[in-house]
Amino acid sequence: MLISVIFIPIGVASLLASRDVVEIVDRYETDCIPANYTGDELSFIQDPSSNKTCSRTLTVPKHMKQPIYVYYQLDNFYQNHRRYVKSRNDKQLRSADNANSTSGCDPEDRANGSPIVPCGLIAWSLFNDTYNFSLNNEALTVNTSGISWKSDRDKKFGDNVYPRNFQNGTLIGGKRLDPSRPLSEQEDLIVWMRTAALPTFRKLYGKIEVDLEANSTISVTLENNYNTYSFGGKKKLVLSTTRWLGGKNDFLGIAYLTVGGLCFFLAMAFIVVYLVKPRQLGDPSYLSWNRSPSGH
Amino acid sequence: MGGWDRIRGSRTRLGGGGSRNSQASDRQSSSRTVRLGSVRPQHPGHRTIYCNDRDANLPVRFKGNSISTTKYNVATFFPKGLFEQFRRVANLYFLMISILSTTPISPVNPVTNMVPLSLVLLVSLVKEAFEDWKRLQNDMVINSSPIDILQDQKWESIPWKKLQVGDLVRVKQDGFFPADLLLLASTNPDGVCYTETANLDGETNLKIRKALERTWDYLLPDKAAEFKGEIQCEQPNNSLYTFTGNLIIQKQTLPLSPNQILLRGCSLRNTEYIVGVVVFTGHETKVMMNSMNVPSKRSTLERKLDKLILTLFGVLFLMCLIGAIGSGVFISRKYYYLGLDESVEDQFNPNNRFVMIKFIQSTQFINKDLHMYHVESNTPALARTSNLNEELGQVEYIFSDKTGTLTRNLMEFFKCSIGGEVYGTGITEIEKGGAQRNGLRIDGVKKATTTVHEKGFNFDDPRLMLGAWRNERDPDSCKEFFRCLAICHTVLPEGDETPEKITYQAASPDEAALVTAAKNFGFFFYRRTPTMIMVRESHVEKMGKIEDVSYEILSVLEFNSTRKRQSVICRYPNGRLVLYCKGADTVIYERLAHGNHNIKKTTREHLEEFGSAGLRTLCLAYRDLSSDLYETWNEKFIQAKSALREREKKLDEVADLIEKDLILIGSTAIEDKLQDGVPSCIETLSRAGIKIWVLTGDKMETAINIAYACSLINNDMKQFIISSETEAIREVESRGDTVETERVIRASVKQELKRCLEEAQHYLHTVSGPKLALIIDGKCLMYALDPNLRVTLLNLSLNCSSVVCCRVSPLQKAQVTSLVKKGARKITLSIGDGANDVSMIQAAHVGVGISGLEGMQAVMASDFAIAQFRFLTDLLLVHGRWSYLRICKVVTYFFYKNLTFTLTQFWFTFQTGFSGQRFYDDWFQSLYNVIFTALPVIIVGLFDEDVSAPLSKKYPELYKEGIRNTFFKWRVLSVWAFFSVYQSLVFYYFTIAASRKGHNTSGKIFGLWDVSTMAFTCIVITVNGRLLMACNSITRWHHISIAGSIVAWFVFIFLYSGVSTPYDRQENIFFVIYVLMSTSYFYLTLLLVPVVALLGDFVYQGIQRWFFPYDYQIIQEIHRNEPEVSSRTELMEIGHHLTPDEERSFAIAQLPRETSKHTGFAFDSPGYESFFASQAGVLAPQKPWDVARRASMRSQQRTPKKN
């Protein structure tokens, strides 16, 4: 009963907060394949010469208050695979002194005889689609700083560690990094390196720091570089606002409401049971040896 | 005098004669092991011993006399010790994991596995080694105790171990026999010596052994040195009461009987010294052959735990298999970002399996923790084996020794009936018990200050004491009565001839009690010569006069089991010839003179009264003889005495001639003093559904009597008596044909068993049939234990509510115990105090030793040692039950908490492409069982109690839950398992589902480690909260430990995620908690998940309690309103005759901190936050509605709303 009293308001509040969030989701990986490559996406994406640029238009359903967060969402991408998760070297990321420590990074530990910085499969497979937004032909700036957790930026990725020998191997996994900027400033890498718990995940791409009016149309020019075709993964672009609870997520609200309701129901049920079929408390006749004196 | 009986295996020796060696070695293998269940077959061969001739014995190579009771020696210690350790599945499992973890494919560091395993093994091995070392020391002490042997015509002292077969030894008074000896000569006349056999059969009365007449002279060394003889006898065997052999001396063959054999382990009494020939030595002595391996006991729960581990292992293996298959299916090169190699098959590597398996290790902690808390057992007892506590809660059969366990082995003259008048004011325990059942209160009899109370005399009646009997109605009868007591016996006085200092040595303690009684009545028997008995009589002629009277003893007609009476014919100083006779009522009544029916009738009534009070009765009678009659009879008597054939029979016949026309004087009632509180204890235990069997070395009559006295048998019960003392059997026996005897006994036993079983089953089918009791004696038992009769015996005895086995050997005790243990698969407990109980104690699941008078062997062999039989109630009903409940709770809880934890991991595996990626950080995993969830469960293991100690004694029926194993059935486990599946699903999917999107206003996204930390936090809280729901009594220790664990988790995570080290490690958790706590997601999930997870259990418990309450829950409810005070006063009533020991334990139980309140689940919500609030509510002063509030969950739920 107490639970229901506490839970139902929380549930309502969370649900409201979640409902308040405006979210635009656009799946683009199939639409961004040129017609002549249909059925052969893999050769398209692996062909370095093909034009990967693709345009999308998004309509804002409701007024979106800044900041508006830009996410990319990948499906069926196992960032939580054991081989993947451990394929990094935190020591190397933290300090320039440890550039040579590449343990655990196999197979992306060394290329051409020298260590890769940052090493490992995670960094190697860095997401490299890019998005450019424009509203009414006026470019919207996407702020890509401050998208990672501060603790990662300050403590885990050294400000004196520069990418070196990165993506120089025979296979190119993903994005190339600017060797002149320290890792702690390359926040897209930092975000990517915080591996997701599930094969379907979102990562923050950047922030749009202007309000968007309802029904305004945003055109997105994106470069569809990242290969999800080989494993049939989806790619989605997400624009979302936030509330105190975070992004749009009805789950907590519904769960709270359900549990609260269930508790209420159960309490009622017990009351009914108590009234309908009361059991004398401490009735000795319920003792097993009184119930069946002969048996034991 | 310690460990000779603890030998772990009897060993055979090489064969009898030198020429038999080849045969013997064939036999050796077959007979090396003593198998329970059948008396070891005797070797067909015989051994020949050349007395006093070491050289002649040399070629045979008899075993030496040194013994070893150690389990290991230097060479076998490691293999055997390790084997013992790896018999535990958990250890074996751990070893396997450790081996696997050293292989390169394992994801875990081998060190984390090896270190705890080696630590566990090391500690256990050191413990074993230490115990074995103590045994070794003990053996060494025994082996080097000195003994005199004859060498070069004088006695030389050598250590026991140097003794060899055929040596002549001298054993002095009170010394122990170093080996099985053939008695040659004694300093006592007639080659008689007295032995005490307490170590063999528990009886402290002395046994008489008599040497062959031909060897009486070999007493002095020079004479003994001339002794040359050859002994041909049976091979060593374990039968204590048989011996067959011949002594060939100067070409004459003399038959030997058990009467000439002095067994190792007995001691010499009342004899200055004896000379004997060593027949069996060391491990071949009968007593050593009777001892068994020291078994390493494991509790059934532990075995079940092993099964559980195997099951869990199987489940995990299945999970891994799913994982591996999944991984094989999943893996393909399309996931290019995984950087896979060319060969796909490579991905079938078992890595992921190990990750899974690692979790099962946590079960290892069960064992560790169990041991930890076993240390605590605040019984008024000593727990010597710590891992059997929970067995105490499930005992169904108790095997009890009689002497020293049920009884104090103290005979006390308690009442008497003289001339139709009952004297004596005492009340036996049985009568007390009976009166209590009828609701009567018996006030303690005020003890007169004049009461004489000494060993063997517990009688108080001013009408008889201090010469007052002279004023009774029939003083002449009294006089005869006392004289009969003082004269008609075979007691030897010892020590100073004053009433205070004299001690009586008697073949049976009854006789000593009777003589002591006579002394206290003023007829002080103080000296015996071969023909005279001297009695110092007071108050006979007139008050206060004391005179010494000597009675001439003309003939003694000794007691034996067929005659059941004993007579002495004596001549008074004034020439009066009297025959005094005492014996069983049946035989005396047959021989009474006609007339005087009144006295006969009243005396018979009194006898029945005494008998039902559990007293041992004897009738006293006398007969005045004329000298003519005596003379003529005496001639026949002397003839009979010198008869060469069937002397015994003839003596009996002659005795019959004179023992007739007796005049009844009265009867005596002797109390075989029970230990304190035995009848009530037995009564309580039987209400608890425990069946008590008495296994005793005593005679059948005694055993039945004691069974009556302990209220094991009463007159309402149907008794089945299977005895070898029937006419038919005796007749066959007297013919002396052993084979024929055996056949007849076997047949009759079989027939009897069949008949009894049929009858028993008939009674079972009738609705209100009487309770059944089985009484069987050792000889029949030997045949009944035969493999083909065993089943019948078992069926019969399981149908009986009490079983009494008399005249059983130590080995048979063990056989009976293991018959029930193995045959009926019930938990058995053996309790005993003497060395003769050791094998029984070792054979049972739980062995309890009584630290009594008969030495410490039983205690040494036992698992628990208590001081008194009645403490068994506490041990079983209170502590055993608690331990059982606690262990069940702890084990199921461990099972639950690890399964929950593991399953979340398992669900995660499905979403990682079956790669075996760990959901949680390594350290979380390792510390989960050690820190975050360990303390509360230990607290539960230590303090949980469903009902208080006095209540569990008040409702012994509660114990039946343990016997039925209510709390550790697979069903119970599967309920736990079900909820752990449910909870793990909640944990995983709720946290995951709640974490999908951005999590605060900054829109940042969580990674894997954030989510897992969140889930882990929920698990820690829920699991600890679940424990609170599971425990019956909530003390502040619970709060402290549970809050402590949760706090420990937060402290840990704050520190752990706060520091970063320069070492190369995966800093997954770095700063995670701070990140988490900056989001509202954290708090919302933290509230939601535990509540949802616990809701299921909460509802289940509510329904279970309301509709299908356990007995203890009802008891809790009955007594919910009773303040502790009332039960305390009640307790004090029981408690005022308790020993300080017990009182102390009660005092502990009553300490205010253990406010054992019924708070099963009396809180508003299962949510963690509300626990403390509701607890505070419970502790608040009681208001009218508060009582109701506590009464049940439902009203609990309503009250907050309505208030």
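In what follows, chains carry the letters A, B, and so on, assigned in the order in which the sequence lines appear, proteins first and then strands, with residues in each chain numbered from 1. All of these numbers come straight from a predicted model, not from anything done at the bench.
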*asked:* Rounded at 0.5 Å granularity, tell me how far CZ in B:F908 sits from CG in A:N80.
replied: 4.5 Å
*Given side chains that start at C-beta, do those of B:W1009 and A:V85 come closer than 4.5 Å, heavy atoms only?*
yes
*asked:* Nearest 0.5 angstrom please: A:F251 CZ to B:T1085 OG1, how far?
replied: 8.5 Å
*asked:* Take a 6.0 Å sphere around OH of B:Y1083 and say whether it holds more than 12 heavy atoms from other residues, nucleotides or ligands.
replied: yes
*Who pairs with A:K175 by salt bridge (charged side-chain N to carboxylate O under 4.0 Å, His left out), at least two apart in sequence or on another chain?*
A:D188
*Let me know if A:A255 has heavy atoms under 4.5 Å from chain B in its side chain, its backbone, both or neither.*
both
_Distance in Å, B:I992 CD1 paired with A:T200 OG1, rounded so as to fall on 0.5 Å steps_ = 11.0 Å
*Taking the inter-plane angle between the rings of B:F1006 and A:W149 on a 0 to 90° scale, is it parallel (under 30°), tilted (30 to 60°) or perpendicular (over 60°)?*
parallel
*What pairs with A:D97 under salt bridge (charged side-chain N to carboxylate O under 4.0 Å, His left out), at least two apart in sequence or on another chain?*
none
*Could you give the distance from CZ (A:F270) to CD1 (B:I1103), rounded to the nearest 0.5 Å?*
5.0 Å
_Smallest separation among heavy atoms of A:Y256 and B:L1087, with atom names_ = OH-CB, 3.3 Å
*Atom pair CG (B:L1008) and OH (A:Y84), whose distance is rounded to the nearest 0.5 Å*: 12.5 Å
*asked:* For A:S240, which atoms come within 4.5 Å of any heavy atom of chain B: side chain, backbone, both, or neither?
replied: neither
